[in-house]
Amino acid sequence: MVLSKPRDRILSTATALFDEEGISAVGVNRIVAEADVAPMTLYRQFGNKNELVAATLEQWSARWLHMLSDRLERHGDHAEARYAALWDALEAWFASADFRGSFILNAAAELRSEPGHPAHAVIAAHRRAVRQLLEDLAKAAGAPDPGGLAVQLQVLMDGAIEIAALDRQPAAARTSRSLALAALGG
């Protein structure tokens, strides 16, 4: 698929490269070359590499949250099925050929020494959106403390993502699912 708009080509190219290779490893010149745009086009569209990084994280976050929500929506209003489907969705993602872990978690680790980086606001917004999704699931499933359970679920989710990425273990989602179901029960 050829993206006709230069901004779309830049964003798509940069997102793929940063996610695959890391933010520091990819230079602006490579993005410009692979997106087939002039350097000034990148700077006109994004200002600088840091703003481009923030935009790529926004794009990745929106797509990932949409994928997850879509998988949960397939279970309609059945709260327990939606709660359990979260872990099935993660396991399917972990088993996908292009799985490299969470671009958000990877970026947060890579950028931890740059507290003023604009990506941190995007990372924080993503984390809040995930926590809200988890709290909504916990509330619908009848958890006595949905906010507390959401924090626990986020720890389980983050751990499963890291184990799946580092150890190439898609089944990490099943282990987390068992713990999540136990946490819901009491």
Side-chain angles (χ1 to χ4, degrees), residues 1 11-27 30-31 34-35 49 52-75 80-114 117 119-120 122-138 141 149-185:
M1 176 172 114
L11 197 53
S12 178
T13 300
T15 301
L17 290 172
F18 292 152
D19 187 25
E20 281 178 36
E21 299 177 23
I23 295 163
S24 299
V26 178
R30 181 162 172 214
I31 295 165
E34 291 195 25
K49 182 179 177 182
L52 176 59
V53 168
T56 63
L57 288 165
E58 284 177 1
Q59 177 176 300
W60 188 93
S61 174
R63 287 182 179 167
W64 188 83
L65 289 166
H66 177 75
M67 175 278 298
L68 195 57
S69 295
D70 183 57
R71 292 289 302 265
L72 298 178
E73 290 299 320
R74 294 178 190 172
H75 295 279
E80 289 81 13
R82 289 171 60 92
Y83 185 82
L86 169 69
W87 308 102
D88 294 336
L90 291 174
E91 186 168 2
W93 176 47
F94 297 167
S96 67
D98 62 346
F99 175 73
R100 285 178 288 286
S102 167
F103 182 30
I104 297 288
L105 294 177
N106 294 341
E110 187 172 348
L111 299 171
R112 71 186 173 278
S113 65
E114 299 179 47
H117 198 290
H120 290 296
V122 177
I123 293 165
H126 174 82
R127 308 267 313 143
R128 283 190 304 273
V130 170
R131 189 166 303 122
Q132 187 60 58
L133 181 143
L134 296 172
E135 186 171 341
D136 292 346
L137 280 174
L149 182 56
V151 171
Q152 292 174 346
L153 294 176
Q154 196 161 23
V155 168
L156 290 173
M157 179 185 283
D158 289 349
I161 290 168
E162 290 302 311
I163 289 169
L166 295 172
D167 298 339
R168 307 305 303 162
Q169 292 292 322
R174 262 183 262 138
T175 302
S176 294
R177 177 185 178 152
S178 297
L179 293 169
L181 290 171
L184 178 63

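One is the number of the first residue; the rest follow in order along the sequence.
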task: Verify whether one side chain among Q132 and D136 offers a donor that lies under 3.5 Å from an acceptor in the other.
output: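 Yes, because at least one side-chain N or O of Q132 sits under 3.5 Å from a partner of the opposite role on D136.
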message: Are the side chains of K49 and I23 in contact, using a 4.5 Å heavy-atom criterion?
response: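 Counting from C-beta outward, I23 and K49 do come under 4.5 Å.
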Can you tell me how far [atom2] of [Y] sits from [atom1] of [X], rounded to the nearest 0.5 angstrom?
X: Q59; Y: L11; atom1: CD; atom2: CG; value: 4.0 Å
X: R74; Y: D88; atom1: CZ; atom2: CG; value: 11.0 Å
X: I31; Y: S12; atom1: CD1; atom2: OG; value: 11.5 Å
X: E135; Y: R128; atom1: CD; atom2: CZ; value: 13.5 Å
X: E58; Y: I104; atom1: CD; atom2: CD1; value: 9.0 Å

query: Can D19 and R100 be counted as an ion pair, charged N to O under 4.0 angstrom?
result: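 Between R100 and D19 there is a salt bridge, with a charged N closer than 4.0 Å to a carboxylate O.
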query: Should the ring pair W60 and W64 be called parallel, tilted or perpendicular, given that the plane angle runs from 0 to 90° and is split at 30 and 60?
result: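 It falls in the parallel class, under 30°.
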task: Assign the ring pair F99 / W93 to parallel, tilted or perpendicular, where the plane angle (0 to 90°) is split at 30° and 60°.
output: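 Perpendicular: the ring planes of F99 and W93 meet at over 60°.
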- request: Check the pair R174, L90 against side chain to side chain contact (heavy atoms under 4.5 Å, CB included), reporting the backbone distance first and the verdict last.
  value: CA-CA 9 Å; R174 262 183 262 138; L90 291 174; over 6 Å; no
H126 and L65: CA distance, side-chain angles, deciding distance, side chain to side chain contact (heavy atoms under 4.5 Å, CB included) verdict: CA-CA 9 Å; H126 174 82; L65 289 166; 4.0 Å; yes
- prompt: Is the backbone of L57 close enough, under 3.5 Å, to the side chain of S61 for a donor and an acceptor to pair up by distance?
  reply: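 Side chain of S61 to backbone of L57, a donor-acceptor pair under 3.5 Å: no, none is there.
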